[in-house]
Amino acid sequence: MSKKIISYSEMIGQAITSNMKKNNKIFISGLEIDYSSKVFGSLNKPFEEFPSRFVQTPAMENGLCTILAGSAINGMRPIFVNNRCDFLLLAFDPIVNIIDKWNYMFDGNAGNCPIVITAVIGRGWGQGATHSQSFHNFFSRLSGINVFLPTFPSDVSRVYNYALKTKKASIILHHRGLFKIKEKQNFSKKFCLSNIIKKGKDLAIITFSYGSIQSLQVSNKIEKKFGRKITILNLVSLNPLDKTKILRVAKNHKNILLLDIDHDEGGINDQIFNIIKTNFVNKIIKKIGYKKIPAPAAESLEKLYYPSNQVIYDIACKLLQINHKKNKIKTDYNFVGPY
Amino acid sequence: MSKKIISYSEMIGQAITSNMKKNNKIFISGLEIDYSSKVFGSLNKPFEEFPSRFVQTPAMENGLCTILAGSAINGMRPIFVNNRCDFLLLAFDPIVNIIDKWNYMFDGNAGNCPIVITAVIGRGWGQGATHSQSFHNFFSRLSGINVFLPTFPSDVSRVYNYALKTKKASIILHHRGLFKIKEKQNFSKKFCLSNIIKKGKDLAIITFSYGSIQSLQVSNKIEKKFGRKITILNLVSLNPLDKTKILRVAKNHKNILLLDIDHDEGGINDQIFNIIKTNFVNKIIKKIGYKKIPAPAAESLEKLYYPSNQVIYDIACKLLQINHKKNKIKTDYNFVGPY
Amino acid sequence: MIKSPYKINKNFSKLNPFSKKNLLNIYHKLYFSRFVEEVIQNEYPNQQMKTPTHLGIGQEAISVGVCLNLKKKDAIFSHHRSHLPYISSDGSIYKLFCELLGKKNGSSGGKGGSVHLCSRSNGFYGSTAILGQAIGLAAGAGLAFKLKKKKNISVAFFGNSSLEEGLSFETLNFCSLKNIPTLFVYENNFYSTEMPNYKGDMKNFNPQKIVKGLGIKYLKVDGNNISDVFFKSKYAIDYIKKNSRPVFIEFITYRWLEHCGPYYDYALKRYYRTKKEVMYWKKFCPVASFKKFLIKKGFNKDISLLEKKINKKVNLIYKKALKSKKPILKDLQTNV
Amino acid sequence: MIKSPYKINKNFSKLNPFSKKNLLNIYHKLYFSRFVEEVIQNEYPNQQMKTPTHLGIGQEAISVGVCLNLKKKDAIFSHHRSHLPYISSDGSIYKLFCELLGKKNGSSGGKGGSVHLCSRSNGFYGSTAILGQAIGLAAGAGLAFKLKKKKNISVAFFGNSSLEEGLSFETLNFCSLKNIPTLFVYENNFYSTEMPNYKGDMKNFNPQKIVKGLGIKYLKVDGNNISDVFFKSKYAIDYIKKNSRPVFIEFITYRWLEHCGPYYDYALKRYYRTKKEVMYWKKFCPVASFKKFLIKKGFNKDISLLEKKINKKVNLIYKKALKSKKPILKDLQTNV
Ligand SMILES: Cc1ncc(C[n+]2csc(CCOP(=O)(O)OP(=O)(O)O)c2C)c(N)n1
Ligand SMILES: Cc1ncc(C[n+]2csc(CCOP(=O)(O)OP(=O)(O)O)c2C)c(N)n1
Ligand SMILES: [Mg+2]
Ligand SMILES: [Mg+2]
């Protein structure tokens, strides 16, 4: 059993289902959740097992998020599912003014608000500017909400098990490029804010979500080609941020690469830069993020907008003082649309 | 005439009025805008002169912002007035998905969306967690919207003159502690992203909005007491950010203090820290911001939540290696409520 | 001038079968609410309560009448004008005063202020300062009751502007669709801040048609008549429980004081409504009119005794609150 | 199974006075819309148009009929199902194809994709991918016309889900209050993605009552009958201009293909609606039924000529679009 291979998408379904079995306060709500694709298949299993614990709704992100917050305050554990992170903009008021602050504003006397909000980060295949955003950099600045971006099925499992039990609210963002990622199901169950997914002494990459996948591809190539080894720190949680682990990794590496899956100025990259530089003045740090523009729809522009493996490869090689010039590396992002 | 003393609040009114005279496409909309206080008096003058160009509305922040965006796309220049920055959360969808991206998404073929959004940042007198927030750190990450936080009447004048003429949309955030700030009206009219409001060689403070006022008070005291001189760079614009000026100031100072009027991690402080450290490795930089928690209502807690002049003073003295110990400095924030 | 669609003190006769004790209990609640608000009104200018405060004087019958029909395990949410529903659900007055004074013993430890009250053990789940939220939150609490198969209901207290927000529309549609046991208490006091709704923002807005258009039962009630409020909300709550369907009640009422703060608008020379209009509405005072009814019944003495007792008690509590401790540094970062 | 409240091809007789040229012009528009969408439908599986695309096949009569009554300077906004209103307002087909193919010559330079079309010179101001926005944006354009004292109107095309968003409620209230000259074109096609509205999200939702509750004129029209659409929207637009008041029309129609993409749902074994239902609705085909009417009039030959001409032209344009250039690095950061 424990050696079964499971996909990211299946793991979401399994983690939710097993928690639903144990806790009858958990239910799932959102619009389009009984859409046949069931958020890239991730809700198939819970829907099969607990169809009556699905609350399918009209289009009403603000109202729904407020309502689900109210249900959480009254003892339930809603999972608010969104097909795109962008739609959450309509629910920023309940997220910021209710969920984030409920506990604090009443000094704990009005109960908790343990909602779990999940959303898909669209990328590629012409999603365009309003179906591809991620607001992790904003959400991470809130004090009352955990922000998780699991990369692997193992992260998914641990994050859901944690989020569906903790008293705090959580936002879980799933990059669309991850749903087919597979892993052997014999991973540790212990929740952790971050994990090292590759070890090496020559360079450290600190990243998360789809950034970790790209970093792995790039690192493997560099290792194969040049024998240089790279550490990758996969930040499963951006809020709280695993400062201890970041500093431990930073301590052991002279060269550090930070990779965000949003544009980089004023975001988590700068925050990590600050944490490292405040403690280790002499580290060489490079940052990678998107261009500071909305996402274009045309494929030819998408390729230039999202940092390709080549871009990461080139910068990593530069940090490693490898002169590769002619080496090419493909970006292995083959999502097929339309949605 | 040019020597007249004018308040921040009056300057808003005057700047809007004079622009309305020149451009009949400008109009003002919001809820509560004919509330007798007229946003701390700032709308008195435009209302007297152009009552028919006020569009007072029901409570409908999302709808209104979308509608005003539509009017801007169709050739008007709306000023969307908000009594609190917090209420804008309800309008994040049109701000982020329409106003920020309209020009880009259609590659310029669907016209501009030159709306001006203004909002008051509440502080003190028990405003509590949901009437005191500022989202400048979020807004500054957008690519299609200018973000201005004028500190002095002169800033107000230049910012409004610019914002009401440029093709881009602007968000102008007014800290509630500024409305009574007075200045002689013989200032330069040339728009600038930032300005040095005090010159000195011993320390540089980079800040904005009410942070600039506190920095001035602290610097004056330090200058009087110890003869040490401080440069204050007042960032009128956070988007775009005046990197050139920041680097120029940084170049000339070993010690730099960054002061945000929000909590500091992952915000503009980190961004500036990165800009400076990337160029000047050896600068000593300290950052000040709020605690990463919601704003409490009780006065005794507010005093601990908002960085007092004493906190800034102490850190500045430390950077200056002044050992003052017993010196006390008051925080001169005497807003009287209720609203 | 805005006039009431109802006649003054229309009718308390439906209360005639009630025992003296019951009737005095109702008056107790009405007078208590009024007096607590008056203490705040009188003390507010002393600048010790540093928090924006929206007083409910003139609107007491609604929360008293509705809450008389609720159970301790029902869930109440309120908009910014929060004191009356809090008091009517038996929230501690000491904690209320402490909260307004920014004290550690406040209902929210001083962190919330006037707009963020709560008394969970009394079913008052919380009030918030953002328009419309109470509506959505109450619906959510109702959804939770339904999912937990509890027989309780949830209640939202809110005013004109909350109803305008898209949130209310989305929520009502949801509650209708999902059979949520929620009572929507719409306090129509004819104004939002300084805007007369019926001339301004709500000129073409017909709550009855809209609410019915969403498939929800709608009632319109004289919100200044405690008898009407009591029986109509009793009917509504029975209906909700029996049918597991939401009900929406529009209560007509009037706010006497300024939107935020302790003064009469006319005293501050604000002209959005006239002194005459306020005086007209004072004749519909929900406390005085019910008192008249009881006096006619010969409860004169009981009433003045009761009033004196309340006055004394409330004043003492206020003094105690004044002396209680402020939150300090170690409290600042708890319960984040 | 969802059935139409109207009879098939109810009546085109009101169009009898129209000249042959006029009638053929209408058919031209209907057929042209249909054929362009069919080209996209057929080409889409080739993976050259990499952008989520919502085809409007089956709903042509609405945009054709409404747009026939508009002036070039009127302002049109649309939701995600954007092709038909774009085409009906005479937006360039070449630019449409280019946009879908991610080409530089696209109506949005390839930056927008299927959901972000525009043709400003034809009055098509833009379509967006977020539910409800078209409603608010159109109202804003209407407000601008009003403030500029222009006699133009604005139009919003949208579907069931947009109407559910609180944004639509806020906007309708605003338009009623401020006398905004906007036509709301509600394309009720009975589904949102894969949810049957009348069983699901809109079970208790009565647009007529709600819209009227906001003081706005409401009409319900057979959206598959070009004559009805034309005359009712003409009436509505005249009304808007004369009274400077908004009008809301609910058009009954049906989407043939899957929500997003080129296939029939039944072909993909999706069971939220039956093949039988789709076949039933195909009998209400707005193009075929009008064609029948014209054939009865003896326009047989003209029609087949016209169709052939369109087919050839559109196919050629598609080929040209295929060959046109992609945007490159220097285009990436323009117009931010
Ligand atoms: C989203 C939002 N917008 C604006 C405000 C500012 N505001 C506070 S109370 C109020 C008017 C409330 O009027 P009404 O709903 O009629 O309640 P009443 O005060 O009459 O009881 C407004 C506009 C707010 N609190 N929240
Ligand atoms: C705010 C928001 N929420 C969700 C979506 C996802 N979404 C896209 S289209 C759609 C359903 C649209 O149905 P309807 O409004 O009936 O229009 P139709 O597709 O039938 O023309 C949904 C839920 C979205 N685009 N925007
Ligand atoms: Mg009111
Ligand atoms: Mg539909």
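Convention: sequence-line order gives letters A, B, ...; per-chain numbering from 1.
Listed by sequence position, C:L163, C:E164, C:E165, C:G166, C:S168, C:F169, C:E170 are the residues of residues 146-170 of chain C in contact with chain D, using a 4.5 angstrom heavy-atom cutoff. Residues from residues 238-250 of chain D that place a non-hydrogen atom less than 4.5 Å from a non-hydrogen atom of chain C comprise D:R245, given in numerical order. Heavy-atom proximity under 4.5 angstrom to chain D picks out C:S176, C:L177 from residues 176-189 of chain C. At a heavy-atom separation below 4.5 angstrom, chain D is approached by C:K212, C:G213, C:L214, C:G215 within residues 212-220 of chain C.
Of the listed residues (D:N206, D:I210, D:N204), the one with the most heavy-atom contacts under 4.5 Å to chain C is D:N204.
Considering every non-hydrogen atom in both C:N173 and D:D201, the closest pair reads ND2-O, 3.8 Å.
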